[in-house]
There are 2 protein chains.
Amino acid sequence: MHFTSGKRLDTEVSRGGVLEREFMLGEVPGILWTPASAPPAEAPLILLGHPPLGLDKMYPRLAARARRVVADGFAAATVELPGSGVRPRLPVIEEARADLRRAMAAGEPVGDDVVDRLVLPLVERAVPEWRAALDALLALPGIGGPVGYSGGVISVGVRLAVVEPRVAAAVLFAGSLIPRAVFEEARRVTVPLHVLLQWDDEGNDRQASLDLFDAFGSEEKSLHANMGGHTGVPESAGEEAGRFLARHVRRGRSSRAT
Amino acid sequence: MHFTSGKRLDTEVSRGGVLEREFMLGEVPGILWTPASAPPAEAPLILLGHPPLGLDKMYPRLAARARRVVADGFAAATVELPGSGVRPRLPVIEEARADLRRAMAAGEPVGDDVVDRLVLPLVERAVPEWRAALDALLALPGIGGPVGYSGGVISVGVRLAVVEPRVAAAVLFAGSLIPRAVFEEARRVTVPLHVLLQWDDEGNDRQASLDLFDAFGSEEKSLHANMGGHTGVPESAGEEAGRFLARHVRRGRSSRAT
């Protein structure tokens, strides 16, 4: 892992400012946000998930989320998803995406096989990369465990919550296009979950989101449904998610791994 | 309206303490909680709803909710429901309740007519009483508008939100036994709503709660589903509901009536 740039962000929410550093982990670009002035103790880390639209396109929203997370006393980081942004396209996913577009344009239902071909290869490739990023990030001075995961492709979040013992809690964004296999995998999630659902998101299959929430094995899980359309998560809902992470991802709080 | 008793509650959450006064409004007993030391401005009022089990039985939970509400800068009040507590039983409701018990004991589905006979007479009688209580309470020194409604029988909360323009926002507890007519009435609710649902409450019809949430006409509505069984609302969920009221029920914020 090596840093390729660093700058200090002006911010209203984080006293003392935020240091933003781009990095490369092998072929995978990423961004790390930390308090500009080193805090007295190691900061727990929040991984910021995102849809597969490329870090460049997602940057404004990611940076806004990172500012809030750092203001809450965390470090924040994200990495580019396989096949997105500057990374080489993945033919299997591109073909599935073309099939998805065709089905939607024709007003046809999206078949299970299209969803599987679109999402499962992304999950298979992304999760090991996020775990490798965790290895590198937690080795940096000033960053410690436990780790929270927030947002992005919900199937990636589910897999990460199942296989990565350093993830102590997760904020998940309910979304459509969930492979059948992920509903089964959801039963194996045990960490506290805070699930955000945009109730009036017409591009979303609300019943699938409710079914997935029901499937989660976590003893502590909560669903927060709001109005405002696909990207209109109310500010108060973002703040609630922040408080959830602050309650569950704290230094000295033992994650499952310790 | 006349006060029949008054005492000061010790409290950890409300600096300065809480004054609790029992009152009678005609034949209807009620309780008012206010800051023990008069605040500089009039406090907005939160009406505390409750299930029809009698104020005596509900007192510990109501007093705990009132302490928190007063700590947030509100006055809080509740009145006994028709047919509950020290008030005379209502034969129509008692008969419906017996039919409900019979159906449940026999493992039979509860018919729409039973639900209607159980809930609608309660709504018809309770809502005018709560409105009369509002008239009396808002005339007291130190208490002003707007008004929030929190909890209790959801059908009562829906009717009150529709017909009472002084209600500026409502926290509703999702529950079963919702008459068909209430789903229609829900479309006419326009105030901001914060709906709490216990996801793993086995005595609750979850789908009915989701359908009712969907029916609400309010542009701003949010659903907060948690684990913990019928009475196990997590503390963090109670705090979120308090923050919702603090955002929407504020002095100087115009309610629909002004």
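Numbered from 1 within each chain, the chains take letters A, B, ... in sequence-line order.
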Interatomic spacing from CD in B:E185 to CZ in B:F216 - rounded to 0.5 Å: 10.0 Å

Short side-chain to backbone donor-acceptor contact, A:N226 and A:V233, under 3.5 Å: no

Within 45° cone of B:F183 ring axis and under 6.0 Å: B:R187 NZ or CZ: no

B:L210 portion near chain A, given a 4.5 angstrom heavy-atom threshold: both

Interface moiety of B:E219 toward chain A, non-hydrogen atoms closer than 4.5 Å: backbone

A:H194 and A:E240: side chain donor to acceptor below 3.5 Å: no

Option in B:R206, B:E239, B:H224 with maximal non-hydrogen atom pairs under 4.5 Å from chain A: B:H224

Proximal component of A:D214, with respect to chain B [non-hydrogen, under 4.5 Å]: both

Most chain A-contacting option - heavy-atom pairs closer than 4.5 Å, from B:S222, B:A237, B:A225: B:A225

Ring centre gap for B:W33 and B:F74 strictly below 6.0 Å: no

Residue among B:S236, B:G228, B:P234 with most heavy-atom pairs under 4.5 Å to chain A: B:S236

